[in-house]
Every structure is written in structure tokens, then in C-alpha cells.
Number of protein chains: 2
Amino acid sequence: MNELKGKVEILRIVAHPVRVAILDELSKGVKCVSDLEDFLEISQPNISQHLGLLRRAGIIDYFIDGRLRCYFLKNPFVLDLLEILRKEYDRELPGPECCPVTKKGTYPGERRR
Amino acid sequence: MNELKGKVEILRIVAHPVRVAILDELSKGVKCVSDLEDFLEISQPNISQHLGLLRRAGIIDYFIDGRLRCYFLKNPFVLDLLEILRKEYDRELPGPECCPVTKKGTYPGERRR
DNA sequence: TTAATTCATTCATATATTCAAATATTATTA
DNA sequence: TAATAATATTTGAATATATGAATGAATTAA
């Protein structure tokens with residue numbers, strides 16, 4: 001799970017509005033599928049598909065409680081991801097004026113001759 | 001850029017190995033396209049397409065220096081994202097045994113009757 | 001002006017994703 | 001054992017994405 005490649009794959013899986021909503025909800029605690037049904041506005045089979053994707057990617061897992069499947073978060077990287085998804089970003093980055101050398105030894109802003 | 005929706009869209013754009021590589025490189029400083037060509041193993045037109053995507057998403061921008069286009073990072077959320085992509089995660093999350101109530105008032109682990 | 005450099009755009013094709021609809025599975029309850 | 005509840009799987013159609021190939025600016029150098 002530590003190589004970049006694996007994390008990019010996780011990113012790809014997470015990068016869907018419904019799946020982010022599911023993960024955000026799971027970050028508050030264990031939920032069964034019908035809990036999720038209550039607050040997502042999509043069909044149960046569709047929810048199930050998203051859960052399957054997330055589970056096969058190792059992002060979530062479940063245990064069985066009676067006839068409920070109780071899903072929970074399993075992946076610490078995703079927790080950090082959720083955190084920055086919730087964070088406020090008010091400004092853009094400072095411009096590049098201060099920055100390093102490009103290929104041929106020019107500095108940004110400096111005109112090559 | 002602050003609503004969740006926009007960030008999920010950014011995630012979707014970033015979630016590609018080549019684009020992560022580009023962004024990681026840009027996080028070190030301004031680079032022109034031919035700098036990127038040197039260390040990515042894909043064709044220039046393909047690099048250009050990825051740059052175009054990233055630019056249209058507001059993630060990067062460029063200034064012109066002679067005949068070079070010097071690209072730089074523009075989005076602070078993406079900086080945080082790159083940071084957690086580089087971070088080490090050695091353990092899984094603790095299990096759910098400690099956790100909140102599911103829909104019908106059962107506790108995880110507790111059997112419903 | 002011509003040629004070279006640097007980068008972008010367009011197009012075609014292969015592949016992947018999304019979602020709905022129908023159906024299946026599994027555990028519990030009657 | 002049959003019925004029900006909770007959830008999963010499969011299939012298929014629409015759409016989106018990825019990438020290579022070819023081509024097209026724009027700028028600069030000769």
C-alpha cells in the first residue's frame with residue numbers, strides 16, 4: 001500500500017461523488033447498506049456496486065451482523081484523503097516568480113537569448 | 001474550489017499515473033514541457049494532452065519564456081494531495097469493534113435477536 | 001524566407017466506467 | 001420448509017477516457 005502506484009489506484013477508485021459520500025459517511029462510523037440507502041439517492045444495487053469496488057480495492061471491509069452487512073473504513077490513506085477533502089482552501093498558491101531553474105538554465109521570467 | 005464537488009472532480013483528474021508524475025515533478029518547481037519529456041517515457045503529444053487537462057481543471061498554469069512554456073502548480077489542495085501520496089502508511093486502521101450504532105440500534109459485534 | 005524547435009490539437013480506435021434492470025444469494029423468521 | 005429481508009451479481013447500453021498518429025501553429029534562428 002505504500003508505493004505511489006497503489007495510492008494512485010486508490011485515488012482513481014475514490015474519485016467518484018457517490019463513493020466519496022459513502023466514505024465520508026463511513027468515516028463517522030460503521031454503517032450497514034440500508035443506512036447508506038437512507039441518505040444516498042441512488043438505487044440499492046448501485047450502492048452495492050460501489051461498495052464492491054471499494055471493498056475489492058481494500059478501502060473498506062465489512063462484518064456480518066444478523067442479516068446486515070456492516071461496512072467500515074480500512075485504509076488510513078483514505079482517512080487523510082477525506083480530511084483534505086473537507087478542508088478549506090481559500091487562496092491560490094503563490095506564483096512561480098521565486099522558482100528554480102528550467103531545463104536549459106533559464107530562470108522563470110528571465111528571457112532566453 | 002471549496003465545495004466537495006469541485007474537489008472530487010480534481011481527484012478524478014489527478015488520479016492518473018502520468019498526471020501524478022507530472023504534478024510531483026512540478027511540486028519541485030517550474031518545468032517546461034521538454035523537461036517533462038526527459039523524465040516521462042511517453043510521447044510529447046501525450047504529455048501535452050495531460051498538461052492541457054490539468055490546466056483546464058485549474059490545477060496548473062504556465063507562463064511563456066522564449067519558446068518554452070513553463071508550467072507550475074496552482075492549486076493548494078493538490079499540494080496537500082501530493083503530500084499524502086508521498087507519506088508512509090504502515091498499518092491498517094484499527095478494526096470497528098469500538099464503533100457506533102447501525103441503523104436499527106444494533107452494535108457491531110452484537111447479535112440482533 | 002526557410003528551416004528548426006517547441007508545443008498543441010484533432011482524429012480514430014481501443015478500452016473502461018457508469019448505471020439501470022433483472023435476477024440471484026444468504027440469513028432470518030414464521 | 002417457505003417466505004421475507006438485506007444485499008450482491010450479472011448483463012447490457014450509453015458514455016467517457018486513454019493513447020497513438022498525423023498535423024498544425026507559433027516562435028526563433030539561419
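So you know, we letter chains A, B, ... as the sequences are listed, proteins then strands, and number each from 1.
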When rounded to whole Å, the NZ to P distance for the pair K31(B) and dT6(C) reads 17 Å
Give the intermediate values and the outcome of side-chain contact (heavy atoms from CB on, under 4.5 Å) for residues Y62(A) and C70(A). CA-CA 5 Å; Y62(A) 66 86; C70(A) 304; 5.6 Å; no
For Y71(A), run the side-chain contact (heavy atoms from CB on, under 4.5 Å) check against I60(A), D61(A), V30(A) and tell me which one passes. I60(A)
Calculate the interatomic distance between D65(B) atom CG and dT5(C) atom C1'; express it in whole Å. 14 Å
Any side-chain heavy-atom pair of E9(B) and I13(B) under 4.5 Å: yes
Spacing between F63(A) atom CZ and dT7(D) atom C1', to the nearest angstrom: 15 Å
L51(A) CG to dC19(C) P, in whole Å, measures 13 Å
Looking at H50(B), does any N or O in its side chain come under 4.0 Å of the phosphate oxygens OP1/OP2 on dT19(D)? yes
Sequence neighbours left out, cut at 3.5 Å: what donor-acceptor pairs do the side chains of residues 39-48 of chain B make with other protein atoms?
unit_1	atom_1	unit_2	atom_2	d
S43(B)	OG	N46(B)	N	3.3
N46(B)	OD1	H50(B)	NE2	3.2

Quick check on dA8(C): is either OP1 or OP2 less than 4.0 Å from any side-chain nitrogen or oxygen of Y71(B)? yes
Does S43(A) put a side-chain nitrogen or oxygen below 4.0 Å from OP1 or OP2 of dA20(C)? yes
Which nucleotide in the list dC7(C), dT9(D), dA29(D) gets nearest to the side chain of R55(A)? dT9(D)
Quickly work out the I47(B) CD1 to dT6(C) P distance and round it to whole Å. 13 Å
Check L26(B), I22(B), L54(B), L81(B) against I59(B) for a side-chain contact (heavy atoms from CB on, under 4.5 Å) and give me the one that passes. L54(B)
Tell me, with the steps shown, if D24(A) and R86(A) meet side-chain contact (heavy atoms from CB on, under 4.5 Å). CA-CA 9 Å; D24(A) 190 52; R86(A) 285 188 285 255; 2.5 Å; yes
Short N/O separations, protein against nucleotides 10-14 of chain C, under 3.5 angstrom:
unit_1	atom_1	unit_2	atom_2	d
dT10(C)	O4	Q49(B)	NE2	3.4

The side chain of Q44(B) is closest to which nucleotide in this list: dT7(D), dA8(C), dC19(C)? dA8(C)
Please give, in whole Å, the distance from dT7(D) P to L40(A) CG? 13 Å
OP1 or OP2 of dA8(C) less than 4.0 angstrom from a side-chain nitrogen or oxygen of Y62(B), does that happen here? no
Please report the C-alpha distance between D80(B) and Y89(A) in whole Å, then the side-chain angles of each, then the deciding distance to 0.1 Å, and finally whether the side-chain hydrogen bond (donor to acceptor under 3.5 Å, both in side chains) criterion is met. CA-CA 10 Å; D80(B) 281 355; Y89(A) 294 87; 2.6 Å; yes
Which nucleotide in dT7(D), dC7(C), dA5(D) has an atom nearest any side-chain atom of R67(A): dA5(D)
Would you tell me if any nitrogen or oxygen in the side chain of R12(B) comes within less than 4.0 Å of OP1 or OP2 on dT17(D)? yes
Length of the CZ-P vector between R56(B) and dA16(D), whole Å: 15 Å
Quick note, L53(A) side chain, CB onward, closest among dT18(C), dA20(C), dT7(D) is dT18(C)
Check the pair L11(B), K7(B) against side-chain contact (heavy atoms from CB on, under 4.5 Å), reporting the backbone distance first and the verdict last. CA-CA 6 Å; L11(B) 271 197; K7(B) 288 195 207 137; 5.9 Å; no
Atom-pair distance (CG on L68(B); C1' on dT28(D)), nearest Å: 11 Å
Of the nucleotides dA8(C), dT18(C), dT17(D), which has the atom closest to the H16(A) side chain? dT18(C)
How bent is the helix from dT1(C)-dA30(D) to dA30(C)-dT1(D), comparing axes over its five end pairs at each side, to the nearest 10°? 10°
Check the pair L23(B) / V78(B) against side-chain contact (heavy atoms from CB on, under 4.5 Å), numbers first and verdict last. CA-CA 8 Å; L23(B) 293 172; V78(B) 169; 4.0 Å; yes
Between K28(A) and E25(A), is the salt bridge (charged side-chain N to carboxylate O under 4.0 Å, His left out) condition met? List the steps. CA-CA 6 Å; K28(A) 301 175 193 160; E25(A) 196 60 15; 3.1 Å; yes
Of all the nucleotides listed (dC7(C), dT17(D), dC19(C)), which has the minimum atom distance to the side chain of N46(A)? dC19(C)
